[in-house]
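See below for the structure under consideration.
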Amino acid sequence: MIEHLDNMRPVDALCGDDLLHVELTDGRIVSVPVWWYPQLQHAMPVERNNIDFMPKSMHWPDIELDISVISLLLGEKAPGARSPDVSDKIQVETRQ
C-alpha cells in the first residue's frame, strides 16, 4: 500500500481560508482543513497559493512549508495544530 502512496504526485492545489485541496495524478482531490497546518492558516492568500510541486510533496516558498502527499492521505497534522473548536475551548477555560 505504501508503494502505491509513493506514486501519488500532486498536480494542482488550491488553499482557501478553511480547506487545502490537492489534486493527485490519479484524479483524486484530497481536501484537509487549513488549521492542520498553522503556517498556512496564518499566511496571506497570495502566500497560500504560491506552491511549488515536487514529486511527492508541495512546497510553499513564501512561508517555508513542505507537506507530503503521504501525510495528507494519512491525515497527519503539523505538530501543534489545534482544531479551532479546541482553541476556543482552551481560551474560555483560561479566562475562567
- request: Apply the test side-chain contact (heavy atoms from CB on, under 4.5 Å) to residues Met8 and Lys56: give CA-CA distance (whole Å), side-chain angles for both, the deciding distance (0.1 Å), then the verdict.
  value: CA-CA 7 Å; Met8 294 294 99; Lys56 297 179 184 181; over 6 Å; no
field: Nearest heavy-atom neighbours spanning Cys15 and Asn49
entry: N-OD1, 2.8 Å
query: Looking only at heavy atoms, which two atoms of Pro10 and Pro55 are closest? And how far apart?
result: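 Heavy atoms only, the tightest pair is CD-O, 3.8 Å.
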message: Applying the side chain to side chain contact (heavy atoms under 4.5 Å, CB included) criterion to Val22, which one of Leu14, Leu72, Leu73, Ile51 satisfies it?
response: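 For Val22, the side chain to side chain contact (heavy atoms under 4.5 Å, CB included) check succeeds only for Leu72.
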- prompt: Are Ile70 and Val11 connected, step by step, through hydrophobic side chains (Ile, Leu, Val, Met, Phe, Trp, Tyr) whose heavy atoms are closer than 4.5 Å?
  reply: no
- prompt: Is Val69 reachable from Ile29 through a run of I, L, V, M, F, W or Y residues, each pair having side-chain heavy atoms under 4.5 Å apart?
  reply: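 Not linked; separate clusters.
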Side chain [X], main chain [Y], donor-acceptor under 3.5 Å:
| X | Y | answer |
| --- | --- | --- |
| Asp12 | Glu23 | no |
| Ser71 | Ser68 | yes |
| Gln39 | Ile63 | yes |

field: Separation between CH2 of Trp35 and CD of Gln41, rounded to the nearest 0.5 Å
entry: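 Going from the CH2 atom of Trp35 to the CD atom of Gln41 covers 9.0 Å.
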field: Between CG on residue Asn50 and CH2 on residue Trp60, distance to nearest 0.5 Å
entry: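 One finds 10.5 Å between CG of Asn50 and CH2 of Trp60.
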field: Pairing residues for Trp36 by the side-chain contact (heavy atoms from CB on, under 4.5 Å) criterion, not counting sequence neighbours
entry: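 So Trp36 forms a side-chain contact (heavy atoms from CB on, under 4.5 Å) with Val32, Pro33, Lys77.
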message: Assess whether a salt bridge exists between Asp17 and Arg48, defined as any Lys/Arg side-chain N lying under 4.0 Å from an Asp/Glu carboxylate O.
response: yes
Leu24 and Arg9, any side-chain heavy atoms less than 4.5 Å apart: no
- request: Would you mind reporting whether Ile67 and Ser57 have side-chain heavy atoms less than 4.5 Å apart?
  value: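 No - every pair of side-chain heavy atoms lies 4.5 Å or more apart.
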query: How would you list, by chain and number, every residue that makes a side-chain hydrogen bond (donor to acceptor under 3.5 Å, both in side chains) with Ser31, sequence neighbours excluded?
result: His21
